[in-house]
Every structure is written in structure tokens, then in C-alpha cells.
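What follows is a short report on a single structure.
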2 protein chains.
Amino acid sequence: MSVQERKQRERAERERLIVATARKLAEQQGWDAVTTRRLAEHIEYSQPVLYSHFRGKREIIGAVALQGAAELATAVRAATSAADGPRARVAALARAYLDFAAGNPAVYDALFQLDGGLAYAQEDTPEPLKDAFAALLETLDEVTGDGIDPGLFTEVFWAALHGLATLTRAGRLLPEDAEPRVELLVDRLAVV
Amino acid sequence: MSVQERKQRERAERERLIVATARKLAEQQGWDAVTTRRLAEHIEYSQPVLYSHFRGKREIIGAVALQGAAELATAVRAATSAADGPRARVAALARAYLDFAAGNPAVYDALFQLDGGLAYAQEDTPEPLKDAFAALLETLDEVTGDGIDPGLFTEVFWAALHGLATLTRAGRLLPEDAEPRVELLVDRLAVV
DNA sequence: CTCGTTTGTCTAGCGGTGCTAGGATCAGTT
DNA sequence: AACTGATCCTAGCACCGCTAGACAAACGAG
């Protein structure tokens with residue numbers, strides 16, 4: 001019995017190692033550099049071992065994405081809870097979101113840019129993803145305005161943030177004007 | 001002399017064929033299906049011929065992107081010029097943009113999602129890209145509001161549209177509520 | 001303690017990718 | 001008619017995600 005437990009623990013530990021290594025590698029050199037061969041070499045196992053933990057590369061990306069969703073939710077909640085007043089909370093949320101995207105580009109890609117095989121906006125959406133959306137909604141609910149569904153408003157606000165994050169990171173927007181963009185977005189979208 | 005001209009014409013024709021085929025293939029089966037081998041087979045030449053026209057796959061994607069930018073600009077201008085009043089023009093712009101993204105997903109990917117090796121937001125940004133941005137700015141300029149730089153406002157509005165487009169296409173947002181989202185976005189962001 | 005059995009891991013290989021070197025072929029010129 | 005240069009293709013490189021099958025280590029039973 002205890003033998004099985006030890007083995008299970010070791011397996012779980014190795015799985016964590018795989019995800020952490022994939023994430024580190026992606027953060028350092030981009031997801032293109034995260035090949036199954038390189039990943040296997042870094043964890044000091046052979047390639048097929050990866051497939052005893054995950055169905056394929058997609059699932060590994062998905063695992064990193066779920067980690068990222070949890071961290072994003074935490075970051076957003078930490079930022080909003082430290083701000084006073086609805087306007088300040090929304091601005092803090094926006095900055096926290098964009099900072100997360102800029103600070104963890106590979107994780108953000110895993111979440112929203114790459115195919116991690118995760119279901120979104122559905123019943124079987126994994127909990128961390130729902131919770132990240134909930135973290136946004138908690139604060140944005142305050143500034144939704146009359147007659148508007150808070151969920152819909154959150155979607156729109158989120159889309160705007162996502163657009164800013166991705167266009168900036170892809171070089172389509174210059175990062176210098178990030179702050180005035182946030183100010184404008186918050187001033188217009190949020191009903192205070 | 002005339003011989004050289006004919007050859008040049010034929011070369012240009014073949015280049016158009018490459019881009020058109022890449023685009024069609026991408027639109028039908030996604031960019032993943034656009035491999036140099038498949039593309040070469042479709043144009044009935046061998047693989048290396050592609051490399052006598054383009055540096056690599058990136059540049060082919062870039063060529064499709066430039067085509068798309070021109071069409072996007074045209075679509076936006078057509079939609080806005082058919083609408084009466086600033087509010088209606090902005091709403092028409094938003095719908096035209098999102099329709100374009102939904103109707104030409106592969107082209108939209110080439111433009112904003114994939115690496116086509118194009119420069120953005122810089123001096124040497126290709127003309128079609130600048131012009132597509134200009135097409136947005138022309139209409140959004142009217143509803144920017146006092147004290148705000150129209151360019152900055154256009155960036156923010158564009159980012160919001162881009163977010164809606166990409167999140168919807170990736171299954172992160174359900175397409176059913178597209179219209180109310182547009183309404184909300186226009187009502188809040190545009191100063192009429 | 002020894003012997004099957006099960007479990008785990010690795011080596012080797014499949015079909016695919018983007019890209020390129022080098023030889024063959026064909027057109028235009030003299 | 002022979003040369004020359006442009007043009008194109010065959011073949012191959014190193015890499016990709018993924019998997020079959022051989023092998024070894026660890027386990028439980030007698």
C-alpha cells in the first residue's frame with residue numbers, strides 16, 4: 001500500500017516538474033522552443049515519459065494555462081482589494097491584468113493564444129478558468145451600469161484588455177502609451 | 001527586352017498564384033495545413049520555387065496579411081460611408097471589422113495572430129497596414145471626445161474589437177451575444 | 001530467497017515539417 | 001549549332017510530435 005502511495009507521489013512530483021519546466025522553457029525561449037525532445041532532456045527522462053503523463057503537447061500547454069489562470073485570478077484580486085473606490089478598483093484590475101500578460105507572456109499565450117485543448121464558456125470549462133473570469137466580474141460588477149448584464153459587460157471589458165495585451169505584445173501597439181490607454185478605457189467603459 | 005518583360009509578368013503571375021493558393025488553403029483547412037509541400041503541389045511547381053519568390057513561409061503569410069489589410073480597409077470604409085451620423089458610423093465600423101474577422105479567419109490570423117514578418121507601428125510599416133489603421137481613425141476621429149488624442153482612441157477601440165474578434169473565434173466568447181457586445185462597446189467608448 | 005509477473009522506461013523509428021545544395025534542363029544569344 | 005545563363009527539380013538535412021516494441025527493474029507469491 002505504502003509503496004503504491006510513494007509511487008503516486010513521485011509520479012505527481014514528476015508531472016509538476018514537467019509543467020514547471022515547460023513553463024520555464026516557454027518563458028525563456030518561447031513556446032516554439034518547447035519541443036518534446038528538449039523538454040524530455042530538461043527533465044532528464046526520455047521523450048515517451050511525457051506521454052505517460054499527458055496525451056500530447058497540447059495537454060502540457062493546457063496544464064500551464066490552468067496554472068496561469070489561477071495566478072491571474074490571484075493577481076487581479078490582490079490588486080483590486082488594495083484599491084479604494086470602484087474607479088480605482090477597475091483601474092487596478094486593468095493594470096494587474098496587463099501586467100500579468102506582459103510579465104508572463106508564455107503563460108498568457110498558453111491561456112488565450114495557443115490551443116491547450118481546454119473548453120471555454122461552457123459547462124465543462126475547468127474551474128480555474130471560470131474563477132479567473134469570476135475575479136474580473138467581481139470588480140466589474142460594480143461599474144457595469146444600469147440595464148446591462150454584468151457578464152456581458154465583463155466580456156467586453158475583458159476583450160478590450162485582451163486586445164491591448166496581445167496587440168502590444170505582438171508589436172502592433174507601442175508599449176509607451178499603455179497607461180493613457182488604460183485610463184481612457186476605464187474612464188469610458190466603467191460607470192462610476 | 002520583350003522576352004524579359006514576359007518573364008517578369010509570368011513571375012508576377014505565379015507569385016499571385018502562390019499567395020492566392022496559400023490564402024485559399026488556409027481559409028479552407030487552416031494555416032497548419034498550409035505546408036510548403038502542399039502549397040507547392042497545389043501550384044504545380046516544386047517546393048524550392050516558393051523560395052525564389054519568398055524568403056520562407058513567414059513572407060507568404062505576410063503577403064496574405066497585406067492583401068487582407070487592404071480588404072479590411074475597404075470593407076470598413078464601405079460600411080461607414082453607408083451609415084448616417086457618427087454613432088451609426090462607429091457601429092457600422094465595428095460590425096464590419098468583426099464581420100471581416102469572422103468571415104476571413106485565416107486572413108485575420110495572418111494579419112494579427114501569426115508572424116508574417118511585418119513591421120507595425122513604425123516607420124517602415126507597409127502602406128496597407130497604415131491605411132487600414134487610417135480607415136479606422138477616419139471614423140473614430142469623430143467620436144474621440146475632447147482632450148483625447150484620436151490615434152490613442154483608435155488604438156483602444158481597435159484593441160477592443162480585436163479582443164472580441166479573437167476571443168470569439170477561439171471559443172472564449174459565445175458568438176450569440178456578439179451584437180449586444182458591439183452595442184455596449186459603441187455606446188460606452190464613442191462620444192456622440 | 002527465488003522465480004514469474006507486472007510496471008516502468010528507453011531505443012529506435014514513423015511520417016511529417018521548413019528549408020537548401022547541387023545537378024539537370026531548357027531558353028535565348030551569338 | 002554551340003555556348004551560356006537562368007530556371008527548376010531531385011534529394012536530402014535537421015528537426016518536429018508521437019508510438020511500437022524491446023528491455024530492465026521492482027514487486028508479490030511460493
Side-chain angles (χ1 to χ4, degrees), chain A residues 1-19 21-23 25-26 28-65 106 109-110 114-117, chain B residues 1-19 21-23 25-26 28-65 106 109-110 113-118:
Chain A
M1 193 61 84
S2 146
V3 170
Q4 280 190 8
E5 283 174 12
R6 196 204 67 223
K7 289 205 170 185
Q8 269 190 330
R9 254 183 299 126
E10 287 173 354
R11 249 190 85 80
E13 179 52 39
R14 193 172 61 181
E15 191 159 317
R16 271 192 296 276
L17 178 63
I18 291 172
V19 176
T21 305
R23 175 175 177 166
L25 218 53
Q28 286 171 349
Q29 316 182 41
W31 276 107
D32 279 352
V34 184
T35 70
T36 54
R37 283 173 177 77
R38 247 193 293 264
L39 185 51
E41 194 180 352
H42 270 81
I43 64 168
E44 295 180 315
Y45 281 93
S46 74
Q47 240 181 328
V49 165
L50 300 174
Y51 293 86
S52 74
H53 289 270
F54 302 94
R55 275 179 199 281
K57 195 183 171 181
R58 283 174 51 160
E59 274 199 5
I60 298 178
I61 296 173
V64 173
D109 280 348
L114 302 175
D115 180 10
Chain B
M1 194 60 85
S2 146
V3 170
Q4 281 190 7
E5 283 173 13
R6 197 203 66 223
K7 289 202 170 185
Q8 269 189 330
R9 254 184 300 129
E10 287 174 353
R11 251 190 83 80
E13 179 52 38
R14 194 172 62 181
E15 190 158 317
R16 270 192 297 274
L17 178 63
I18 292 173
V19 176
T21 306
R23 176 175 176 166
L25 218 53
Q28 286 173 349
Q29 317 182 39
W31 277 107
D32 279 353
V34 184
T35 69
T36 54
R37 281 174 178 76
R38 247 193 293 263
L39 186 50
E41 195 179 351
H42 272 81
I43 63 167
E44 294 179 316
Y45 281 93
S46 73
Q47 239 182 327
V49 165
L50 301 175
Y51 294 86
S52 74
H53 289 270
F54 302 94
R55 279 179 196 279
K57 195 183 171 181
R58 283 174 48 155
E59 273 198 6
I60 298 178
I61 295 173
V64 173
D109 280 348
Q113 210 81 297
L114 303 174
D115 180 11
L118 301 175

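These numbers were taken from a predicted model, which means no experiment stands behind them. Convention: sequence-line order gives letters A, B, ...; per-chain numbering from 1.
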Discussion item. Across nucleotides 8-15 of chain D, 5' to 3', mark each nucleotide with B, S or - according to how protein heavy atoms within less than 4.0 Å reach it.
Written reply: SBB-B---

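- At least one side-chain nitrogen or oxygen of A:T36 sits closer than 4.0 Å to the OP1 or OP2 atom of D:dG17.
- Counting to the nearest Å, the C1' atom of C:dT17 and the CD atom of B:Q29 are 16 Å from each other.
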Worksheet entry | Test log, rule side-chain contact (heavy atoms from CB on, under 4.5 Å), inputs B:Y45 and B:I18 | CA-CA 10 Å; B:Y45 281 93; B:I18 292 173; over 6 Å; no

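- Atom-to-atom, CG of B:D115 to P of C:dG18 comes out at 14 Å; the value is rounded to the nearest Å.
- Atom P of nucleotide C:dG8 and atom CD of A:E10 are separated by 11 Å, given to the nearest angstrom.
- More than 12 non-hydrogen atoms from other residues, nucleotides or ligands lie less than 6.0 angstrom from NE2 of A:H53.
- Going from atom NZ of A:K57 over to atom P of D:dG17 covers 5 Å, rounded to whole Å.
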Practice prompt. Output, in order, the C-alpha distance, side-chain angles, deciding distance and verdict of side-chain contact (heavy atoms from CB on, under 4.5 Å) for A:R14 and A:V49.
Written response: CA-CA 10 Å; A:R14 193 172 61 181; A:V49 165; 3.5 Å; yes

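- Protein atom CG of A:D32 is 16 Å distant from nucleotide atom P of C:dT17, rounded to whole Å.
- In this entry the distance linking CD of A:E41 with C1' of C:dT9 reads 17 Å, nearest Å.
- Summarising the geometry, the separation between CH2 on B:W31 and P on C:dT17 is reported as 15 Å, rounded to the nearest angstrom.
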Worksheet item: Stepwise, does the side-chain contact (heavy atoms from CB on, under 4.5 Å) test hold for B:I61 with B:V34?
Response: CA-CA 10 Å; B:I61 295 173; B:V34 184; over 6 Å; no

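- Shown here is B:E10, whose CD atom has more than 12 heavy atoms of other residues, nucleotides or ligands within 6.0 Å.
- In this structure, A:E59 atom CD and D:dG17 atom C1' are separated by 14 Å, rounded to whole Å.
- For A:Q28, the CD atom counts as densely surrounded, since its 6.0 Å shell holds more than 12 non-hydrogen atoms of other residues, nucleotides or ligands.
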